[in-house]
Amino acid sequence: MLTLASKLKRDDGLKGSRTAAASADSTRRVSVRDKLLVKEVAELEANLPCTCKVHFPDPNKLHCFQLTVTPDEGYYQGGRFQFETEVPDAYNMVPPKVKCLTRIWHPNITETGEICLSLLREHSIDGTGWAPTRTLKDVVWGLNSLFTDLLNFDDPLNIEAAEHHLRDKEDFRNKVDDYIKRYAR
């Protein structure tokens, strides 16, 4: 699966045997981000929550992947929610960019896919934002938790969904179920 890993090994083996002309070829350089991602993707795949699946459309581009979360409890049980993740060149000094591709009625995810998860923020008031010590595993587990223990009605991004829950929990559940049937199957 990790085609980039084999590329890194091959490149390391070539370091000693390169000629001056070959060493000038900048296309063989592997970014710090990509070296980190090889290690982090292997760790992620070994520690993926049972409700999550990761898909790499291009195995040579570990910085772009899709995550599917299929909650097995709570309001969102039975839905399949797709997220698109892009890891910027400045990773791990800045967080990955994540967008929810599935339309959802959720207090912490807008209907257009914006996500309120503190670890995805570069700067966070509560001190739980992004730090260079965080990994892709933290991001995936955080996104998965948005459907269970991190579901937060008190500090919403989608204020209308949070107010709907406060006003009428049963109607909120019905709307969530309707969105799952229409968009998350």
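Predicted model, so just to flag it, every value in this text is computed and none were measured. Count residues from 1 along the sequence.
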**Asked** Is there a donor-acceptor pair closer than 3.5 Å between any side-chain N or O of Ser145 and the backbone N or O of Thr148?
**Response** no
Applying salt bridge (Lys or Arg N to Asp or Glu O under 4.0 Å) to Glu43 and not counting sequence neighbours gives Lys137
Residues passing the side-chain hydrogen bond (donor to acceptor under 3.5 Å, both in side chains) test with Glu111, sequence neighbours excluded, are Arg103, Tyr179
Any side-chain donor-acceptor pair under 3.5 Å between Gln82 and Thr68? yes
Please check if the distance between the ring centroids of His106 and Tyr76 is under 6.0 Å. yes
Check for me whether the distance between the ring centres of Tyr91 and Trp130 falls short of 6.0 Å. yes
_Contact check, side chains of Val38 and Asp34, non-hydrogen atoms, under 4.5 Å_ = no
Those residues at least two apart in sequence (or on a different chain) that pass salt bridge (Lys or Arg N to Asp or Glu O under 4.0 Å) with Glu84 are none
Residues passing the salt bridge (Lys or Arg N to Asp or Glu O under 4.0 Å) test with Asp89, sequence neighbours excluded, are Arg33
Contacts of Asp155 meeting side-chain hydrogen bond (donor to acceptor under 3.5 Å, both in side chains) (sequence neighbours excluded), chain-then-number -> none
With sequence neighbours left out, the residues meeting ring-ring contact (aromatic ring centres under 6.0 Å, His included) with Tyr75 are His165, Phe172
Salt bridge (Lys or Arg N to Asp or Glu O under 4.0 Å) pairs touching residues 160-169, sequence neighbours excluded, are none
With sequence neighbours left out, the residues meeting side-chain hydrogen bond (donor to acceptor under 3.5 Å, both in side chains) with Asn158 are none
With sequence neighbours left out, the residues meeting salt bridge (Lys or Arg N to Asp or Glu O under 4.0 Å) with Arg182 are Asp178
ring-ring contact (aromatic ring centres under 6.0 Å, His included) filter on Phe65, not counting sequence neighbours, yields Phe56
| query | Is there a side-chain contact between Lys175 and His164 (heavy atoms, below 4.5 Å)? | reply | yes
Contacts satisfying salt bridge (Lys or Arg N to Asp or Glu O under 4.0 Å) that involve residues 64-76 (not counting sequence neighbours) are none
| task | With the side chain counted from C-beta on, respond yes when Leu37 and His63 share a heavy-atom pair under 4.5 Å apart, and no when they do not. | result | yes
Taken in chain and number order and not counting sequence neighbours, the residues that satisfy side-chain hydrogen bond (donor to acceptor under 3.5 Å, both in side chains) with Thr70 are none
